[in-house]
Amino acid sequence: MHDIRTIRDNPAAFDAALSRRGLEPQSSSILAIDEARRAKILAAETAQAEANKAAKEVGAAKGRGDDAEFERLRALVGEKKAEIARLNDEAKAEDARLTDLLMGLPNLPHDDIPDGADENDNVEIHQHGAIPNFAFDPVEHFEIAGVKDGMDFETAAKLSGSRFVLLSGSVARLHRALAQFMLDMHTEEHGLTETATPVLVREEMMYGTGQLPKFGEDSYQTTNGWWLIPTAEVTLTNIVNGLTLEESYLPRRYVAHTLCFRSEAGSAGRDTSGMLRQHQFEKVEMVSIVRPEDSAAEHQRMTECAQNILEKLGLTYRTVVLCTGDLGAGMRKTHDIEVWLPGQNAYREISSVSLAGDYQARRMNARYKPAEGGKPQFVNTLNGSGVAIGRCLIAVLENGQQEDGSVDLPTALHPYLRGKTRITPAGELE
RNA sequence: GGAUCGGUGGCCGAGUGGUCGAAGGCGCACGCCUGGAAAGUGUGUAGGCGGGAGACCGUCUCCAGGGUUCGAAUCCCUGUCGAUCCGCCA
């Protein structure tokens, strides 16, 4: 959702920003609708003002006992009614046209992100760790001897179908340990507020964060209308839906560990082996609610929170800033953090940290009252994974694998495994 | 699932047909009081949209949508959300 006044003030800048997304100029048609809309509003309100004035005088006429005037005014108000209704309908129609148009357009990309067509044009901005050298050919996570028994895709397929997994034993334990580790890091070292949220939400919330109306195909809905969240961004961000906050309340920084559900409708055939892409997975998600002037710094801060998790786990990663062609519709700037997976011999996305500006805040009507007074302003929202647990599990397993099929586990996780340090080739924790 | 009661400003809460954008309180802002603070005290304090250079003016908003009426926060209908009790259940 865009601010019509910003477009009015500087249509050229608006078109220039959209053109970076490969879109045709929109401002002239937007402004034409806006002008028509304002003319209709003015007409409707003028008619309404006349009717209101007459209605007010009706009572006075009655009080004076001026029956002739009373009847005349009554008739006048009655006549105006139809005209007002018609003008109002026309004004509403123009307003709806404008809203639909503004809602349907993607967010404006941030000035400092690169132009580009697709993911190949993303730009690396940070890299940590060396590409590990193995004295043997590293395998994918599900091929590691010590992992095979604890990562059961066949039983999961029986239970639920493809793109599900049943974890058991030491793998399930490691999976749980990762979630605990991440939450502790974020709450105790990064200052985020731990939150446990619903995973079923009202449709309205999916509009608030922008999953709807365009991307309903990607998510699941229950028979009675709830949506299963594709990410805790939905619940955490919508905490401030409809609120007017005191400025002193900001910044607000949340973290939650939740299940996430995605239909993966558009990714048939991609990443079908292993647990890289599942219909149901767990993720630790961070969301910040900040003043607009703080959003760029907050974006960097959140990126570092996610990076810190990977560093503590001894993983190699790189951070890229998405180019205009790869940027999500609702976002102004996104950092993807990609972890090195030896089994795939590639970097794969493990976290995505995004700055939405006021795009979501406008949809949610989430504002704050400036401390120095003045009109309420829209907040800025940011979200980022900190990080995807299933993918992190993959990374830990593939990077820790040994030639004998065992897995050495990162020191940071040892306390969460009651001192256990490795998975044996037979799949035992020891 | 059954029954009942509700939805009013940033928050709480009065208000059952016009004088209501709406008492009172909280919160917040500024002032007084104070050595300084607390307490006390005074004043102010909704949002959206439109017009206007501006002062300011108009219009809408008491969950949403319809209806009754010259006139609706108030009456009627529908929807929606919430609470409580009962039943069922982890």
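Per chain, numbering begins at 1; letters A, B, ... match sequence-line order. In what follows, every heavy atom counts, from backbone to side chain, and hydrogens, waters and symmetry copies are set aside.
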Can you name the ring-ring contact (aromatic ring centres under 6.0 Å, His included) partners of [X], sequence neighbours left out?
X	result
A:His190	A:His186
A:Tyr207	none
A:Phe164	A:His279

In whole angstrom, give me the gap between the [atom1] atoms of [N] and [M].
N	M	atom1	result
B:A38	B:A29	P	11 Å
B:U74	B:G15	C1'	8 Å
B:C76	B:U41	C1'	48 Å
B:U4	B:U61	C1'	30 Å
B:G40	B:C26	P	9 Å
B:U45	B:G10	P	15 Å
B:U80	B:G27	C1'	30 Å
B:C28	B:A39	P	10 Å

[X]: what forms a salt bridge (charged side-chain N to carboxylate O under 4.0 Å, His left out) with it, not counting sequence neighbours?
X	value
A:Arg97	A:Glu94
A:Glu298	A:Arg253
A:Asp95	A:Arg37

Got a list of protein N/O to nucleotides 66-69 of chain B N/O distances below 3.5 Å?
none

Applying the Watson-Crick and G-U wobble criteria at under 3.5 Å, what pairs with [N]? Answer none if nothing qualifies.
N	value
B:A53	none
B:G18	B:C70
B:A37	none
B:G9	none
B:G44	B:C28
B:U4	B:A83

* Protein proximity profile, nucleotides 53-60 of chain B - base contact B, sugar-phosphate-only contact S, no contact -, cut-off 4.0 Å on heavy atoms -> -----BSS

Check for a donor-acceptor pair, side chain of [X] on one end and backbone N or O of [Y] on the other, with a separation under 3.5 Å.
X	Y	result
A:Ser288	A:Leu382	no
A:Asp358	A:Val379	no
A:Glu188	A:Met185	no
A:Thr195	A:Thr193	yes

If I take atom [atom1] in residue [X] and atom [atom2] in nucleotide [N], what distance separates them, rounded to the nearest angstrom?
X	N	atom1	atom2	result
A:Asp95	B:G50	CG	C1'	11 Å
A:Asn241	B:G10	CG	P	15 Å
A:Leu245	B:C11	CG	C1'	13 Å
A:Glu246	B:C26	CD	C1'	12 Å
A:Leu98	B:G50	CG	C1'	14 Å
A:Glu35	B:C49	CD	P	18 Å
A:Leu87	B:G50	CG	C1'	14 Å
A:Met364	B:G47	CE	P	20 Å

Distance-only donor-acceptor pairs under 3.5 Å for side chains of residues 145-155 of chain A, two or more places apart:
| from | atom 1 | to | atom 2 | distance (Å) |
| --- | --- | --- | --- | --- |
| A:Asp152 | OD1 | A:Glu154 | N | 3.0 |
| A:Asp152 | OD1 | A:Thr155 | N | 2.8 |
| A:Asp152 | OD1 | A:Thr155 | OG1 | 3.2 |
| A:Asp152 | OD2 | A:Thr155 | OG1 | 2.4 |

* Remember a base hit wins even if backbone is also touched, and classify A:Arg8 as base, sugar-phosphate or nothing at under 4.0 Å, heavy atoms. =>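 The answer is sugar-phosphate, as A:Arg8 gets under 4.0 Å only of primed atoms, P, OP1 or OP2.
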
* **Full working for side-chain hydrogen bond (donor to acceptor under 3.5 Å, both in side chains) between A:Asp336 and A:Ser352** => CA-CA 4 Å; A:Asp336 271 5; A:Ser352 188; 2.9 Å; yes

* **Geometric cation-pi criterion, A:Arg252 with A:Tyr249: 6.0 Å, 45°** =>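 Positive - A:Arg252 is close enough to the ring of A:Tyr249 and near enough to its axis.
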
Return no unless some side-chain N or O of [X] is found under 4.0 Å from OP1 or OP2 of [N].
X	N	value
A:Arg37	B:G50	yes
A:Arg367	B:G10	no
A:Lys369	B:A29	no

Taking only N/O atoms, report every protein-nucleotides 78-82 of chain B pair under 3.5 Å with atom names and distance.
| from | atom 1 | to | atom 2 | distance (Å) |
| --- | --- | --- | --- | --- |
| B:C81 | O3' | A:Arg202 | NH1 | 3.4 |
| B:C81 | O3' | A:Arg202 | NH2 | 2.6 |
| B:G82 | OP1 | A:Arg202 | NH2 | 2.6 |

* A:Glu264 bridged to A:Arg262 by N-O distance under 4.0 Å ->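 Salt bridge flag = no for A:Arg262 with A:Glu264.
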
* Start at the 5' end of RNA chain B and walk down; is the nucleotide closest to A:Thr244 or to A:Asp3 reached first? ->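 Taking each residue's closest nucleotide, the earlier one in sequence belongs to A:Thr244.
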
* Candidate list A:Arg418, A:Lys420, A:Arg422, test salt bridge (charged side-chain N to carboxylate O under 4.0 Å, His left out), partner A:Glu430, passing option ->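 Result: among A:Arg418, A:Lys420, A:Arg422, A:Arg422 is the only option passing the salt bridge (charged side-chain N to carboxylate O under 4.0 Å, His left out) with A:Glu430.
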
* Of all the choices, B:C49, B:G51, B:G10, which nucleotide is nearest to the side chain of A:Arg5 once you look at every atom? ->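 For A:Arg5, the side-chain atoms sit closest to B:C49.
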
Any N/O pairs under 3.5 Å between the protein and nucleotides 88-90 of chain B? List them or say none.
none

* For A:Ala395, what residues pass the side chain to side chain contact (heavy atoms under 4.5 Å, CB included) criterion, not counting sequence neighbours? ->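 Side chain to side chain contact (heavy atoms under 4.5 Å, CB included) list for A:Ala395, sorted by chain: A:Leu315, A:Val339, A:Leu341, A:Asn399.
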
